[in-house]
Amino acid sequence: MNISTGLKMEKEICISKDEIMENLIAEGRKQKELHRRASVIRDKNVSRNIYFRGLIEFSNICKNDCYYCGIRKSNNKTIRYCMPREEILKAVEFCNEADYGSIVLQSGERRDKNFINSVVDTVREIKNRYPKIRITLCVGEQNKKTYQRFFDAGAHRYLLRIETSNKEHYKRLHPKEMSFENRKKCLKILKEIGFQVGTGVMVGAPFQTVENLADDLLFFKKIDVDMVGMGPFIPSDQVPLNYQGYNQERNLNLSLNMIAVLRLLMPDINIASTTALQALNPIGRELGLKAGANIIMPIVTPTRYRKNYLLYQGKPCINESSKDCLNCITNRIKSIDLNTAFGKWGDSLHFFKRVKNDSN
Ligand code: SF4
């Protein structure tokens, strides 16, 4: 199968599934060249600007029990919290003053009325108080009516990670009451409503093959997403998913190569260099940016909550303040000679082209 990248600024590139797999396991010189090529494509298509998404992890209460997640409902070692609205607004105020341009409101998944109403009211209040700020939501699977309410309140981007595009693999990562089909349906609904839609997968997860990862990239292309965030799988003694033969370096390399190959396949989408990369290597986020990512998500959750939002073990930035993270990230971006895009929304360019194409 040949896949067109849709790249207009360079000679169009076609890459087969076999080539994708070959690139995913690239090491040494070949890997360096792959990352260099991906960053050139990033520069030409979405610029050298690195956009900020201030990440507010406002609640770790979740009704789900995903086998890989540190805040799954069965983990009784986690102290549960839900930030009061004023505290969320304070975190947004910080982002506003730091000129981050955008925030992400993230939590565990809940579908009860109180939670939904509270998210809607919070989004509306953020729009009122901080009209400069763009809002991304990441609060899991909801029904169409709820997604529409979120959108009408003022959220305009939504992140919902599929975690794996392989149905059988999905079943091995999630309890039986969770549905792969429903997650795909949610992604479709989000697009129909008009959100800029992001998804992503875990990289290096148990039972996952390189072919699965290649299929994940092709899945992103097929459903035509606007944004992608992929994190390496990191084992933990607080989750049931075990991993014999876990190899940290392999997972880091696979994660970086996933970013790079995705940039070749989808040159104009937004790709995050996730904090989890830094759990595997002190300069993991810089390496993600050098492999073609263009989004960074500094944590702005108040420090006292951070140790209870551990989706994976060894999460960095747990004891730092929002100010520390601002300074640290700024220096990291500058250290690799990319631009800090303060005050810019950094909307997905792909989204605007997609919407234009859909309306023609
Ligand atoms: S991955 Fe998300 S939905 Fe699953 S248990 Fe964790 S917070 Fe809940």
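In listed order, ligands and their atoms are each counted from 1.
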Run Glu33 and Arg36 through salt bridge (Lys or Arg N to Asp or Glu O under 4.0 Å) and show every step you take.
CA-CA 5 Å; Glu33 177 52 24; Arg36 190 203 61 77; 2.9 Å; yes
Evaluate the salt bridge (Lys or Arg N to Asp or Glu O under 4.0 Å) criterion for residues Asp347 and Arg157: first the C-alpha distance (whole Å), next the side-chain angles of each, then the deciding distance (0.1 Å), finally the verdict.
CA-CA 9 Å; Asp347 279 325; Arg157 304 186 193 119; 2.7 Å; yes
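Taking the six-membered ring where the residue is Trp, the centroids of Phe233 and Tyr68 are separated by 6.0 Å or more.
Atoms of the protein (N, O or S only) found under 2.8 Å from atom 6 (Fe) of ligand 1 are Cys69 SG.
Side-chain N or O atoms of Asn257 include none that pairs as donor or acceptor with a backbone N or O of Gln31 at under 3.5 Å.
Taking a distance limit of 4.0 Å, we find that atom 2 (Fe) of ligand 1 is approached by no protein heavy atom.
Ion pair Arg306/Glu57 not flagged as a salt bridge, since none of the NZ, NE, NH1 or NH2 atoms sits closer than 4.0 Å to an Asp/Glu carboxylate oxygen.
The cationic group of Arg172 lies under 6.0 Å from the six-membered ring centre of Phe207 and within 45° of the ring axis, placing it in a cation-pi geometry.
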